[in-house]
Trainee: 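Input: one structure, supplied below.
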Amino acid sequence: MTLNDRHIKNTSFTPSPAHTALKRAAKVVGIAIMAIVGIILWAILKPIFRCVGWLISILTAVGIIYWILTL
């Protein structure tokens with residue numbers, strides 16, 4: 001008789017309550033750390049990208065004005 005997936009997946013391993021609690025706590029800590037990293041990156045990188053955007057716009061405008069004046 002061959003085993004099907006139902007018999008293979010049905011194991012006798014049951015995680016202990018401590019293991020389940022540790023897993024849940026690790027997940028919460030991971031989410032909290034990633035949220036803090038995301039907020040820090042947003043607070044630091046957003047103004048830098050905004051500045052770079054303004055710089056690109058100004059350089060593009062100067063380049064277009066120069067191009068029009070030299071036609």
Side-chain angles (χ1 to χ4, degrees):
M1 181 175 176
T2 59
L3 296 175
N4 57 18
D5 285 341
R6 187 178 54 150
H7 288 101
I8 293 171
K9 290 180 182 178
N10 192 7
T11 63
S12 62
F13 175 73
T14 304
S16 66
H19 182 264
T20 306
L22 181 64
K23 193 183 208 183
R24 186 172 291 155
K27 187 175 181 180
V28 169
V29 169
I31 290 172
I33 289 173
M34 293 308 291
I36 291 170
V37 169
I39 289 171
I40 289 172
L41 288 177
W42 173 74
I44 293 172
L45 293 180
K46 186 177 178 183
I48 291 173
F49 285 141
R50 186 177 293 155
C51 178
V52 169
W54 277 104
L55 187 63
I56 291 172
S57 298
I58 291 170
L59 289 175
T60 303
V62 169
I64 290 172
I65 291 170
Y66 176 78
W67 177 65
I68 288 174
L69 291 176
T70 56
L71 284 176

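Excluded from the calculations below are hydrogen atoms, water molecules and symmetry mates; all remaining heavy atoms, backbone and side chain alike, are included. Everything quoted here is computed from the prediction, not taken from an experiment. For this chain, numbers begin at 1 and follow the sequence in order.
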Trainee: If you link I, L, V, M, F, W and Y whenever their side-chain heavy atoms are under 4.5 Å apart, who else ends up in the same group as Leu69?
Mentor: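 Its cluster partners, ordered by chain and number, are Ile65.
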Trainee: If the condition is side chain to side chain contact (heavy atoms under 4.5 Å, CB included), which residues does Ile56 pass it with, not counting sequence neighbours?
Mentor: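 Applying side chain to side chain contact (heavy atoms under 4.5 Å, CB included) to Ile56 gives Val52, Thr60.
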Trainee: How would you list, by chain and number, every residue that makes a side chain to side chain contact (heavy atoms under 4.5 Å, CB included) with Ile36, sequence neighbours excluded?
Mentor: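 Listed in chain order: Ile40.
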Trainee: Please enumerate all residues that pass side chain to side chain contact (heavy atoms under 4.5 Å, CB included) together with Lys46, with sequence neighbours excluded.
Mentor: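 For Lys46, the residues satisfying side chain to side chain contact (heavy atoms under 4.5 Å, CB included) (neighbours in sequence not counted) are Trp42, Arg50.
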Trainee: Does Ile68 sit in a hydrophobic cluster with other residues, and if so which ones, taking ILVMFWY side chains as linked at heavy-atom separations under 4.5 Å, directly or through other members?
Mentor: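 Listed partners: Ile64, Trp67, Leu71.
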